[in-house]
Amino acid sequence: MKNLIGMINRIPLWAAFLIYELLIAGRIFIEMGFVWSSIFVMQLLWFNCVLMFFVISFKYLLKVENKDLSVLALGGVLTYIPIFYSVLMKHEWHLNFINPTSCRQVAFDMLTLLAVHEYNWPMFPELVLLVLGSFALGVLLSGKVLKSLFAALFSTYSSFFCLGFSWFAVNPEHPSFLHFTSPLPDHVTYSIFYGLFFTILIFTAFFGEIRGFFRQKFKK
């Protein structure tokens, strides 16, 4: 397994990210078919935000170097699991953001990883494998068992909490915690939001590298 991870990590980080983008693009196409560009961009940015939670967790909690982060791109494969699980269980595909109706409901959905959720239960095997897979990967990369467990739980649950629930919505008919109006179409508004969130996560993950670049660029 270590040899396989080593081979994957020989792929430059930018190339691994492109592989992840291709995997996610395929996942979006299988789920939605040909969609408006704004919907595609929104979905892509959403998945990119999820990825960055794991990058941040592995970098800062496990002290994994950038050269060993390429393997995280394989997380894009896990996104296909709910699709196959739905087909296997003969379930009509119907994933959506969860309406947070109460603190108890949010906590229950997170603790059960959606195993008994009304319509998002096909996400359960993917979420379980995210926890187990990121834990195993963390141990292999860092050799730290307890920290790897914490990193796996933190990255999975923080991304789930921030991105899995409908905390806000533009469409007043969409069940959500908060509604607001926008002069732009719904998915354009969401794309801008997730684009900004992704940018913040990028700066968080690679703050040292970005700061070093600008210092080198503008030093006298």
Side-chain angles (χ1 to χ4, degrees), residues 4 8 11 13-55 69-99 109-110 112-134 136-137 152 155-167 169-171 173-176 185-195 197-198 201-202:
L4 176 61
I8 296 172
I11 302 173
L13 199 56
W14 63 267
F17 181 69
L18 288 180
I19 292 173
Y20 179 80
E21 297 298 279
L22 290 174
L23 288 170
I24 297 303
R27 161 67 164 75
I28 296 170
F29 175 76
I30 292 175
E31 177 184 358
M32 297 184 166
F34 291 102
V35 294
W36 292 103
S37 57
S38 59
I39 298 177
F40 176 82
V41 170
M42 185 206 77
Q43 291 284 328
L44 192 65
L45 288 170
W46 187 92
F47 281 105
N48 287 348
C49 288
V50 173
L51 173 66
M52 294 314 301
F53 275 95
F54 287 84
V55 171
L69 292 173
S70 293
V71 69
L72 293 179
L74 293 181
V77 176
L78 297 182
T79 64
Y80 289 80
I81 292 175
I83 296 176
F84 295 135
Y85 191 54
S86 292
V87 173
L88 180 65
M89 301 300 291
K90 298 180 180 179
H91 171 68
E92 183 179 353
W93 185 254
H94 179 61
L95 296 183
N96 208 334
F97 292 103
I98 304 166
N99 180 27
D109 286 336
M110 293 184 66
T112 59
L113 295 177
L114 303 179
V116 294
H117 192 268
E118 179 184 0
Y119 52 82
N120 275 349
W121 57 264
M123 291 290 299
F124 174 69
E126 177 187 355
L127 292 170
V128 169
L129 284 177
L130 268 178
V131 174
L132 297 179
S134 54
L137 187 59
S155 50
T156 301
Y157 279 99
S158 59
S159 59
F160 183 9
F161 180 80
C162 291
L163 298 166
F165 294 88
S166 180
W167 296 113
V170 178
N171 186 347
E173 296 181 0
H174 189 282
S176 182
D186 294 3
H187 288 97
V188 174
T189 301
Y190 297 140
S191 295
I192 292 173
F193 170 80
Y194 288 120
F197 192 33
F198 179 56
L201 293 174
I202 284 283

Colleague: Please report the shortest heavy-atom distance between Pro122 and Tyr85, naming the atom on each side.
Modeller: CA-CD2, 3.6 Å

Colleague: How close do Gly76 and Ile24 get, counting heavy atoms only, and between which atoms?
Modeller: CA-CD1, 4.1 Å

Colleague: Taking the inter-plane angle between the rings of Trp167 and Phe165 on a 0 to 90° scale, is it parallel (under 30°), tilted (30 to 60°) or perpendicular (over 60°)?
Modeller: tilted

Colleague: As an exercise, state the distance from CZ of Phe47 to CD1 of Ile28, rounded to the nearest 0.5 Å.
Modeller: 6.0 Å

Colleague: Side chains of Ile8 and Leu74: closer than 4.5 Å at any heavy-atom pair?
Modeller: yes

Colleague: Strictly distance-based, threshold 3.5 Å: is any side-chain N or O of Tyr157 a donor or acceptor partner for the main-chain N or O of Met110?
Modeller: yes

Colleague: Could you state the interatomic distance from NE2 (His174) to CG (Asn99), rounded to the nearest 0.5 Å?
Modeller: 8.0 Å

Colleague: Side chains of Leu72 and Leu137, heavy atoms from C-beta outward: is any pair under 4.5 Å?
Modeller: yes

Colleague: Looking only at heavy atoms, what is the nearest atom pair of Pro82 and Leu95, with distance?
Modeller: CB-CD1, 4.2 Å

Colleague: Under a 3.5 Å distance rule, please check whether Tyr80 uses its side chain to pair with a backbone N or O of Arg27 as donor and acceptor.
Modeller: yes

Colleague: Take Tyr190 and Leu45 through the side chain to side chain contact (heavy atoms under 4.5 Å, CB included) test and state the conclusion after the steps.
Modeller: CA-CA 9 Å; Tyr190 297 140; Leu45 288 170; over 6 Å; no

Colleague: Side chain to side chain contact (heavy atoms under 4.5 Å, CB included), that's the test. Do Leu114 and Phe160 meet it? Break it down for me.
Modeller: CA-CA 11 Å; Leu114 303 179; Phe160 183 9; 3.7 Å; yes

Colleague: Do any N or O atoms from the side chain of Ser70 and from the backbone of Ala16 form a donor-acceptor pair under 3.5 angstrom?
Modeller: no

Colleague: Starting at CD1 of Ile39, measure out to CD of Gln43 and round the result to the nearest 0.5 Å.
Modeller: 8.0 Å

Colleague: Please report the shortest heavy-atom distance between Ser155 and Ser158, naming the atom on each side.
Modeller: O-OG, 3.4 Å

Colleague: Where do Ser134 and Thr156 come nearest, in terms of heavy atoms and distance?
Modeller: OG-OG1, 4.3 Å

Colleague: Say you draw a straight line from CZ of Phe17 to CG of Asn48; how long is it, rounded to the nearest 0.5 Å?
Modeller: 4.0 Å

Colleague: Under a 3.5 Å distance rule, please check whether Ser176 uses its side chain to pair with a backbone N or O of Ser166 as donor and acceptor.
Modeller: yes

Colleague: Does the side chain to side chain contact (heavy atoms under 4.5 Å, CB included) test come out yes or no for Leu78 and Ile81, once each step is laid out?
Modeller: CA-CA 6 Å; Leu78 297 182; Ile81 292 175; 3.7 Å; yes

Colleague: Quick one: do Met32 and Phe40 satisfy side chain to side chain contact (heavy atoms under 4.5 Å, CB included)? Show the steps, please.
Modeller: CA-CA 9 Å; Met32 297 184 166; Phe40 176 82; over 6 Å; no

Colleague: What's the spacing between Leu130 CG and Phe53 CZ if we round to 0.5 Å?
Modeller: 13.0 Å

Colleague: If I compare all heavy atoms of Trp121 with all of His117, which pair ends up nearest, and what's the gap?
Modeller: CD1-O, 3.0 Å

Colleague: Nearest 0.5 Å, please: how far is OG1 in Thr189 from CG in Asn171?
Modeller: 11.0 Å

Colleague: Can a donor-acceptor pair be found, under 3.5 Å and without considering hydrogens, that links the side chain of Asp109 to the backbone of Ile98?
Modeller: no

